[in-house]
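What you are looking at is a predicted structure, and each value in this text was computed from that prediction instead of being measured. In what follows, every chain begins at residue 1, and chains take the letters A, B, ... in the order their sequences are listed.
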Amino acid sequence: MPKEGITPRATDYSQWYLDIVRGADMADYAEVVRGCIVFKPTGYAIWEAIQSGLDQRIKATGHVNAYFPLLIPKSFLMKEAEHVQGFAPEVAEVTRAGGEELAEPYVIRPTSETIIGYFYAKWVRSWRDLPLLINQWANVMRWEMRTRPFLRTAEFLWQEGHTVHATEEDAERETLLILHEVYADFVEREMALPVIKGLKSDKEKFAGALRSYALEAMMQDGRALQAATSHNLGQNFAQAFNITYTDQNNTVQYAWTTSWGISTRLIGALIMAHSDDEGLVLPPRLAPTQVVVVPIYKNEAERSAVLAAVERITAGWQGHLRFKVDDRDNLTPGFKFNEWELKGIPLRIEVGPKDVQKDAVAVARRDMPGKAGKQIVPQAGLTERLQALLDEIQQQLYDRALQFREANTHDVQDYAQLRTAVETGFARCYWDGTSEDEQRIQNELKATLRVIPLDQPETAGRCVLTGRETTRQVIFARAY
RNA sequence: CGGGGCGUGGCGCAGCCCGGUAGCGCACCGCGUUUGGGACGCGGGGGUCGUGGGUUCAAAUCCCUCCGCCCCGACCA
């Protein structure tokens, strides 16, 4: 049955998204600050779960955390030609402070390559100082024309890794390590979101990078969302900021740097990949609360019996399950069912007088709304059963998203097929065009070259636009 | 930045055309009855009608100004 206040996806996908954000109580518009949102506790808890999973992987691959200033001298931004062109239009500036006009304005960081580059130039002297592997968790600001909660906000939270290496090979290895071991591993395993790993085209790469790698995911409306990026910056920033080291042969060399990031936009991806017309659907491994218990009773005698049973049942859960008992007395069970569905809690346990009598509980799966996902199970062995169910749900969400992506990815041979394919999903095709050709497709079809997958076919084919033979296959799609 | 829409209790809206006591639903507070899929009754609180100006005996309503927000595009994580 349709949820009150949630526009069905089929009616208006964009409105559905906004309804989920509001309905699940994840964010509030920061109405007084253009394009910004308040991350409410429910939404912020998801970010904390993302942070925790990523931070572990970042550290496990040898990186450490640090923190750099929010404000960057404006001149820093100007030092890398492509970089300034890419970011200048959307930076906010601080021109006054302490009641006086500043000699040099600061920009509020849109990303930190420049300020970090400045310090790295000071810190790096010898080949022995390399690699330098630092990550920072921070907020950044980009004055975007059009904003949407989580997906694109003027201020957003992210992590940005910035590393320095002695050789191009080392920098490339780092860029790919992050893509595979940190980002793809996290997004696929924890968020249950299948991704296509690949390279960005020159047109789409990060402003100032040599090469950008990215993870692309498909949302339920068939559009692409870039879930993560990892950039090999070459020597561009090393030259702009004079990051040099003395090698084993006593020769001064420019270093090679990388940068990589994941942002609160992932919360938007999470919503759009898994949720349904009943509300948010959270993958169990990421869900701040995995199990909610709703006690049901009619009178005081039943109440004490049921609550005692709940106490007994949940006693063994500590350390095994993240759970919550909804013992609010002023709301009906039906209201609670709807509320927790809206908030995406993976499993709901109902404990009523009938269950107490039978030493059973009712278990409802969020990924299978309605009767299909509801069953009565014995209290004995419940903890293990719930853990197994959570694993099953996690897998189910991943499989479902992957099937959806496969079903909506079309191999296209010519322009007419490309046009049709990007209306509903990904178009996979051979490509030998230029940046100008990409621009033309963007103008005509509103689709962009999302990614050049790392997995490439053995055989050659004809470019969807030019007809030239090529071995390079790419994904075109409309994107968020 | 171009195109469109909207500003009225916390939220969603009606009222405006045709000027005359600011209203409805939800939410909120109190009491009581309820509770296995969004409970019900009774009582109650809360609004500079976005801003500034003008017309008028009288403006939420008519005229002008400014501001803000949302949606659709181009730009972007």
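Applying the Watson-Crick and G-U wobble criteria (two distances, each under 3.5 Å), B:U61 pairs with nothing in any strand. In this entry B:G30 has B:C42 as its Watson-Crick or G-U wobble partner, both defining distances falling under 3.5 Å. Using the Watson-Crick or G-U wobble rule with both distances under 3.5 Å, B:U21 pairs with nothing in any strand shown. Of all nucleotides present, none satisfies the Watson-Crick or G-U wobble test against B:A74 with each distance under 3.5 Å.
A heavy atom lying under 4.0 Å from RNA chain B marks the following residues of residues 349-375 of chain A, by number: A:Glu350, A:Gly352, A:Pro353, A:Lys354, A:Asp355, A:Ala362, A:Lys374.
Checking A:Glu339 against A:Leu331, the closest nucleotide of RNA chain B that is more toward the 5' end is the one next to A:Leu331.
A:Glu339 has no carboxylate O lying under 4.0 Å from a charged side-chain N of A:Lys336, or vice versa, which leaves the two without a salt bridge. Salt-bridge annotation for A:Lys200 and A:Glu216: present, with a side-chain N of the basic residue lying under 4.0 Å from a carboxylate O of the acidic one. Note on A:Glu93 versus A:Lys74: salt bridge recorded, some NZ/NE/NH1/NH2 to OD/OE distance being below 4.0 Å.
Sorted by first and then second residue, the ring pair (Phe, Tyr, Trp, His ring centres under 6.0 Å) pairs involving residues 323-381 of chain A (not counting sequence neighbours) are A:Trp317-A:Phe323.
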Only pairs under 3.5 Å count here: list side-chain donor-acceptor contacts from residues 38-52 of chain A, not counting sequence neighbours, and write none if there are none.
unit_1	atom_1	unit_2	atom_2	d
A:Lys40	NZ	A:Asp25	OD1	2.7

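Heavy atoms from other residues, nucleotides or ligands lying under 6.0 Å from CG of A:Asp455 number 12 at most.
In this structure, the nucleotide among B:U35, B:A77, B:G37 sitting nearest to the side chain of A:Gln226 is B:A77. Nearest nucleotide to the side chain of A:Arg265, out of B:C75, B:A77, B:G37: B:A77.
For A:Phe335 and B:G37, the ring-to-base geometry does not satisfy the stacking test (centroid distance below 5.5 Å, interplanar angle below 30°).
Under 4.0 angstrom from either OP1 or OP2 of B:G38 there lies no side-chain N or O belonging to A:Thr332. The side chain of A:Gln442 contributes an N or O atom lying less than 4.0 Å from OP1 or OP2 of B:C75.
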